[in-house]
Colleague: 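Sending over a structure as structure tokens; questions will come in a sec.
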Amino acid sequence: MRKFGVLMVLCILLTGCRLTVSLTGGTVDPRAKTVYVQTFTNNSSLVNPTLSQDFTTALKNKIQDQTPLTIINNVGGDYSIEGEITNYSISPIAIQGNDAAAMNRLTISVRVRFTNTFDEEQDFEQSFSRYADYPSNQNFTSVESSLVSEINDALSDDIFNKAFVNW
């Protein structure tokens, strides 16, 4: 009878505790089940026609791969990520002696608004920017897709870390 009493007390204590485990070091509130990720609109002056969808998909994939959250298509999730692409630009870098650029840089910037319905202190609005360099003797259209993919992955990591890892 005594063992049964100890077992019951342990069961009550353990069911009252919540533990969140994440392989990324991130934390998702145990009550959270859904996240809304708005399609990021492209407000940059130089427009890549697929950038909006490609970036949004990369961010959704990161969240799906790293959390147990279900992505929903309408406003009202436990978490909400919204924003816009604010910059998509190419600039010369590594100028050589003949005033020609040896390298060019593609830069993508996004503005993000994150809302956590369980903890308003976790809400943020922040800009994120990443870039990738490529040799100026390469045709941009031949490397654009791989550069965009690389930058989208890095931006998704940054946003995920800020939202769920508190980094």
Colleague: Which residues satisfy the salt bridge (charged side-chain N to carboxylate O under 4.0 Å, His left out) test with Glu144, sequence neighbours excluded?
Modeller: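 Counting only residues at least two positions away or on another chain, Glu144 forms no salt bridge (charged side-chain N to carboxylate O under 4.0 Å, His left out).
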
Colleague: In terms of hydrophobic clusters joined by side-chain contacts under 4.5 Å, are Tyr131 and Leu51 together?
Modeller: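 No, Tyr131 does not connect to Leu51 through the hydrophobic network.
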
Colleague: When you group the ILVMFWY residues by side-chain heavy-atom contacts below 4.5 Å and let the links chain together, are Val47 and Val148 in the same group?
Modeller: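 Cluster IDs for Val148 and Val47 differ.
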
Colleague: Using side-chain contact (heavy atoms from CB on, under 4.5 Å), reason through Thr86 and Asn43 one step at a time and then give a plain yes or no.
Modeller: CA-CA 5 Å; Thr86 58; Asn43 293 332; 5.6 Å; no

Colleague: Can you give each donor-acceptor pair under 3.5 Å made by side-chain atoms of residues 101-108, sequence neighbours left out, with the distance rounded to 0.1 Å?
Modeller:
unit_1 : atom_1 : unit_2 : atom_2 : d
Arg105 : NE     : Asp133 : OD1    : 2.7
Arg105 : NH2    : Asp133 : OD2    : 3.2

Colleague: May I ask whether Leu69 and Phe118 are part of the same hydrophobic cluster, defined by side-chain heavy atoms of I, L, V, M, F, W, Y residues being less than 4.5 angstrom apart, directly or through others?
Modeller: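 No, no single cluster joins them.
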
Colleague: Applying side-chain contact (heavy atoms from CB on, under 4.5 Å), run through Thr39 and Ser52 and close with a yes or a no.
Modeller: CA-CA 7 Å; Thr39 299; Ser52 178; 3.6 Å; yes

Colleague: Decide yes or no on side-chain contact (heavy atoms from CB on, under 4.5 Å) for Arg113 and Glu84, but give the supporting numbers first.
Modeller: CA-CA 9 Å; Arg113 289 173 299 283; Glu84 54 276 338; 3.3 Å; yes

Colleague: Once you round to the nearest 0.5 Å, how far does CG of Asn152 lie from CG of Asp157?
Modeller: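 If I round to the nearest 0.5 Å, the distance is 11.0 Å.
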
Colleague: Let me see the working for Phe55 and Asn42 under side-chain contact (heavy atoms from CB on, under 4.5 Å), right down to the final yes or no.
Modeller: CA-CA 10 Å; Phe55 173 73; Asn42 191 342; over 6 Å; no

Colleague: In terms of hydrophobic clustering (I, L, V, M, F, W, Y; side-chain heavy atoms under 4.5 Å; direct or indirect links), are Ile72 and Ile159 co-clustered?
Modeller: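 Cluster IDs for Ile72 and Ile159 differ.
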
Colleague: Ignoring hydrogens and geometry, is there a side-chain-to-backbone donor-acceptor pair from Gln38 to Gly83 under 3.5 Å?
Modeller: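 Present.
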
Colleague: Would you compute the distance between atom OG of Ser145 and atom CG of Asn48 and round it to the nearest 0.5 angstrom?
Modeller: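 The CG atom of Asn48 is 8.5 Å from OG of Ser145, to the nearest 0.5 Å.
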
Colleague: So, Ser146 side chain and Val143 main chain: donor-acceptor pair closer than 3.5 Å or not?
Modeller: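 Yes.
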
Colleague: Indicate the atoms forming the closest heavy-atom contact of Arg31 with Asp78, along with that distance.
Modeller: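 Heavy-atom minimum between the residues: O-OD2, 3.9 Å.
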
Colleague: Ser80: which residues meet the side chain to side chain contact (heavy atoms under 4.5 Å, CB included) condition with it, sequence neighbours left out?
Modeller: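 Partners of Ser80 by the side chain to side chain contact (heavy atoms under 4.5 Å, CB included) criterion, ordered by chain and then number, come out as Tyr36, Glu82, Thr115.
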
Colleague: Quick one: are Thr70 and Lys33 in side-chain contact, heavy atoms under 4.5 Å?
Modeller: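 Heavy-atom side-chain distance check fails, nothing below 4.5 Å.
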
Colleague: Anything under 30° is parallel, anything over 60° is perpendicular, the rest tilted; go ahead and classify Phe124 against Phe128.
Modeller: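 The rings of Phe124 and Phe128 stand perpendicular, inter-plane angle above 60°.
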
Colleague: Working to the nearest 0.5 angstrom, can you tell me the gap between Ile81 CD1 and Thr56 OG1?
Modeller: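 Spacing of CD1 (Ile81) from OG1 (Thr56) equals 10.5 Å.
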
Colleague: When the ring planes of Phe114 and Tyr79 are compared, do they come out parallel, tilted or perpendicular, using 30° and 60° as the limits?
Modeller: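 Ring orientation of Phe114 relative to Tyr79: parallel.
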
Colleague: Using a 4.5 Å cut-off on heavy atoms from C-beta on, say whether the side chain of Phe160 contacts that of Thr67.
Modeller: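 Yes, their side chains come closer than 4.5 Å.
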
Colleague: Is the backbone N or O of Asn87 less than 3.5 Å from a side-chain atom of Ser44, with the two atoms forming a donor-acceptor pair by type?
Modeller: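 It does not hold such a pair.
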
